[in-house]
Amino acid sequence: MMANICRKLGVNIYTLMKKANISPESFAGHCSYTLKDTWNIIEGKIMLPPSELEKISNFLGTTRDYLLNQETDVLVPELQYMKEFSNPDNLDHILDLMDEYVELRESVSC
């Protein structure tokens, strides 16, 4: 359930970034994140504390509530696979497994 909230948050942030023509690099610089952290936020891999949500919502000209609760219909190109699953529980399990695989792969590659 928490992973699903993080993913929804990431999609909402990315959708607002696209609408405002804000690049991930620009977002990262303004919010003092690395580009990798920015993509982790967009992909829903990071749970942000309220203070960070406030900073992001101010930068994007919206509210924390909107970022957390908006059900966007916009399909984010980098996250297209998220809309292909009919059962949200299976979606969370599969995406969690994919995240774990990527983290393991990155740690082995270093």
Side-chain angles (χ1 to χ4, degrees):
M1 183 68 169
M2 185 60 70
N4 212 12
I5 293 170
C6 292
R7 289 184 187 104
K8 181 194 302 185
L9 174 65
V11 168
N12 290 339
I13 288 171
Y14 191 71
T15 300
L16 289 172
M17 287 170 56
K18 284 297 197 186
K19 286 181 181 177
N21 202 26
I22 298 170
S23 70
E25 294 82 5
S26 176
F27 178 88
H30 184 274
C31 295
S32 301
Y33 299 133
T34 65
L35 190 55
K36 182 177 180 170
D37 286 342
T38 297
W39 279 108
N40 283 338
I41 291 167
I42 291 169
E43 293 171 357
K45 295 179 182 177
I46 296 176
M47 184 60 192
L48 297 167
S51 61
E52 292 299 310
L53 284 175
E54 190 69 33
K55 178 172 67 173
I56 292 169
S57 64
N58 287 338
F59 177 60
L60 296 175
T62 190
T63 65
R64 290 185 319 185
D65 186 59
Y66 181 91
L67 289 178
L68 290 169
N69 297 311
Q70 176 63 24
E71 292 287 343
T72 185
D73 289 332
V74 175
L75 186 61
V76 178
E78 287 80 359
L79 306 175
Q80 285 182 355
Y81 61 86
M82 291 176 57
K83 300 282 184 173
E84 307 258 337
F85 295 87
S86 57
N87 183 330
D89 293 334
N90 290 340
L91 168 68
D92 275 343
H93 293 307
I94 290 170
L95 292 177
D96 287 342
L97 286 172
M98 290 169 60
D99 289 344
E100 287 180 34
Y101 171 78
V102 169
E103 288 175 17
L104 285 171
R105 182 74 178 146
E106 287 176 350
S107 68
V108 171
S109 297
C110 294

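On a predicted model such as this, the values are computed, not experimentally measured, just so you know. The figures here come from the full heavy-atom set of this structure, side chains too, leaving out hydrogens, waters and symmetry mates.
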Notebook entry, point to check: Should the ring pair Phe59 and His30 be called parallel, tilted or perpendicular, given that the plane angle runs from 0 to 90° and is split at 30 and 60?
Noted result: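 Rings of Phe59 and His30: parallel, under 30°.
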Note to self: I need the minimum non-hydrogen distance between Thr63 and Ser57, along with the two atoms involved.
What the structure shows: C-CB, 3.6 Å
Notebook entry, point to check: What pair of heavy atoms forms the shortest contact from Thr62 to Leu16, and how long is it?
Noted result: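 Scanning both residues completely, I find the closest heavy atoms to be CG2-CD1, 3.6 Å.
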Item checked: Side chain proximity check, Leu9 to Leu53, heavy atoms < 4.5 angstrom -> yes
Item checked: Test item: Tyr14 and Val11 side chains (from C-beta on) under 4.5 Å apart, heavy atoms ->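 They are not in contact (no side-chain heavy atoms under 4.5 Å apart), so the answer is no.
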What distance separates [X] [atom1] from [Y] [atom2], expressed to the nearest 0.5 Å?
X: Ile13; Y: Ile41; atom1: CD1; atom2: CD1; value: 6.0 Å
X: Tyr33; Y: Asn40; atom1: OH; atom2: CG; value: 11.5 Å
X: Thr38; Y: Glu43; atom1: OG1; atom2: CD; value: 11.0 Å
X: Asp37; Y: Ile42; atom1: CG; atom2: CD1; value: 11.0 Å

Note to self: Determine whether a donor-acceptor pair (N or O, by modelled atom type, separation under 3.5 Å) exists between the side chain of Ser26 and the backbone of Ile22.
What the structure shows: no
Next item on the list: Sort and list the pairs that fulfil salt bridge (charged side-chain N to carboxylate O under 4.0 Å, His left out) and have at least one residue in residues 51-62, not counting sequence neighbours.
Entry: Glu52-Lys55, Glu54-Arg64
